[in-house]
*Asks:* 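Have a look at this one before I ask anything.
Order of appearance sets the numbers: ligands from 1, and atoms from 1 within every ligand.
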Amino acid sequence: MDVKIVKDKVAGGQAAFELIKAGIDNGAKVLGLATGSTPITLYQAMIASDLDFSNMTSINLDEYVGLAEDNPQSYHQFMKDNLFNQKPFAHSYVPNGNAANIEDAAADYEQIIAENPIDIQILGIGRNGHIGFNEPGSDLKGLTHKVQLTESTIEANKRFFDKEEDVPRYAISMGIGSIMKGKQILLLAYGEDKADAIKATIEGPVTPDVPASVLQEHANVTLIIDEAAASKLSK
Ligand code: GLP
């Protein structure tokens with residue numbers, strides 16, 4: 001794993017942007033995108049750039065189950081607000097959290113990934129080491145599936161909702177196996193509350209208890225983290 005320590009999230013967004021730009025110069029056509037507060041500075045750098053994504057494809061990691069696409073907290077809406085309205089892609093895929101049958105929607109999504117292999121996958125990380133919505137205990141080879149959110153993720157995400165009861169309890173997420181198929185992976189993390197997860201990801205054993213630790217087994221991973229997120233690393 002390549003670890004780049006940056007001053008802050010603005011520098012991190014710029015560093016991730018430079019890697020994406022280099023990837024596109026080398027022929028990358030499919031970006032795997034993430035939501036959460038972490039990738040916002042990257043998306044701002046993409047928006048501020050003169051890069052054109054209109055011949056590229058994007059594939060998002062996850063979506064809540066049961067939120068309307070235009071709900072302000074849905075990941076469909078998040079992506080429009082933070083990137084797609086300003087920088088449209090030729091095709092943008094986000095899992096369908098409103099499908100009548102979520103398992104079928106998950107299988108369809110995995111087919112989309114198979115047909116559009118992800119060149120560069122962007123990831124954030126949860127405080128418990130989750131990636132996408134693959135919570136601790138997830139199958140390290142799992143594909144896109146329906147997941148039940150843990151209390152810690154509901155707690156962390158409730159700040160975006162009026163009340164805790166409004167936070168969806170389920171999501172549809174690319175699995176860890178789907179994520180590992182990405183040819184290159186950029187994981188971004190900022191702030192002290194990610195420091196334990198980052199230490200376990202880089203220095204701990206590969207274990208389903210820390211889903212991001214499996215990235216140690218991927219040949220092309222860069223972690224872009226700020227000093228606070230790096231503060232518990234021993235080296
Ligand atoms: C959610 C998302 C993850 C994201 C995580 C961290 O649970 N499903 O993809 O990485 O939150 O979010 P944040 O970047 O806001 O800390």
*Asks:* What pairs with Ser92 under side chain to side chain contact (heavy atoms under 4.5 Å, CB included), at least two apart in sequence or on another chain?
*Replies:* Ser58, Phe84, Phe89
*Asks:* Do you know the tightest heavy-atom contact between Pro95 and Asn60?
*Replies:* CD-O, 3.7 Å
*Asks:* Val10: which other cluster members, linking ILVMFWY side chains closer than 4.5 Å, directly or transitively?
*Replies:* none
*Asks:* Show every ring-ring contact (aromatic ring centres under 6.0 Å, His included) that has at least one partner inside residues 166-224, sequence neighbours left out.
*Replies:* none
*Asks:* Show the short N or O contacts, below 3.5 Å, that ligand 1 makes with protein N or O atoms; if there are none, say 'none'.
*Replies:*
unit_1	atom_1	unit_2	atom_2	d
ligand 1	7 (O)	His130	NE2	2.8
ligand 1	8 (N)	Asp62	OD2	2.8
ligand 1	8 (N)	Gly132	O	3.2
ligand 1	10 (O)	Ile125	N	3.3
ligand 1	14 (O)	Ser37	N	3.3
ligand 1	14 (O)	Thr38	N	3.0
ligand 1	14 (O)	Thr38	OG1	2.5
ligand 1	15 (O)	Ser37	N	2.8
ligand 1	15 (O)	Ser37	OG	2.6
ligand 1	15 (O)	Arg159	NH2	3.3
ligand 1	16 (O)	Lys194	NZ	2.7

*Asks:* How about Gln111 and Glu115: does a side-chain donor come under 3.5 Å of a side-chain acceptor?
*Replies:* yes
*Asks:* Do Glu217 and Met180 come within less than 4.5 Å of each other through their side chains, counting heavy atoms only?
*Replies:* yes
